[in-house]
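Below is one structure, written out as structure tokens; the observations come after it.
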Amino acid sequence: AKIKEDYLWWFKTLGKLKKPDNLLKPFKVTFAFEFVKRPYDCDNCSFMGKMILDCIIANKIIPDDSPRYVEEVRYKSKKGTSNHLMVKIL
């Protein structure tokens, strides 16, 4: 899909992202979205998070999103001073 291709391009332009040190334990991934105007519902953010997670996998940051590697995915959405996204992989 075009949107997914855009996200993949965005991740590739960021340069090298640091891989997690320990791939033996499952990760908890948090997507924290901030929007200048009205924040999206968290369930609306989930489709964006899925595409971003797929890009993280495509760039080999984590091997895949199976329960072996990703045990939890959380979404946060709030009003902010800029349109912003922070992804935490813990």
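Bear in mind the structure is a predicted one, so any value in this text is a computation, not a measurement.
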Calculate, to the nearest 0.5 Å, the distance between atoms [atom1] and [atom2] belonging to [X] and [Y] respectively.
X     : Y     : atom1 : atom2 : answer
Phe33 : Ser46 : CZ    : OG    : 8.5 Å
Ile62 : Ile56 : CD1   : CD1   : 6.5 Å
Tyr69 : Leu24 : OH    : CG    : 8.5 Å
Phe27 : Leu53 : CZ    : CG    : 11.5 Å
Asp54 : Asp64 : CG    : CG    : 10.5 Å

For Asn44, enumerate each residue passing the side-chain hydrogen bond (donor to acceptor under 3.5 Å, both in side chains) test, keeping only those at least two apart in sequence or located in another chain.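 In terms of side-chain hydrogen bond (donor to acceptor under 3.5 Å, both in side chains), with neighbours along the sequence ignored, Asn44 is linked to no residue.
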
Could you list the residues that satisfy side-chain hydrogen bond (donor to acceptor under 3.5 Å, both in side chains) with Lys25, not counting sequence neighbours?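 If we apply the side-chain hydrogen bond (donor to acceptor under 3.5 Å, both in side chains) test to Lys25, skipping adjacent residues, there are no hits.
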
Validation: residues 74-90 side-chain donor-acceptor distances under 3.5 Å, sequence neighbours left out:
residue	atom	partner	partner atom	Å
Ser77	OG	Tyr40	N	3.4
Ser77	OG	Tyr40	O	2.6
Lys79	NZ	Val36	O	2.7
Asn83	OD1	Val36	N	3.0

Ignoring hydrogens and geometry, is there a side-chain-to-backbone donor-acceptor pair from Asp41 to Asp43 under 3.5 Å?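 Absent.
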
Start with the C-alpha gap between Phe35 and Cys45, add the side-chain angles, then the distance that decides, and say whether side-chain contact (heavy atoms from CB on, under 4.5 Å) holds. CA-CA 11 Å; Phe35 299 97; Cys45 293; 4.1 Å; yes

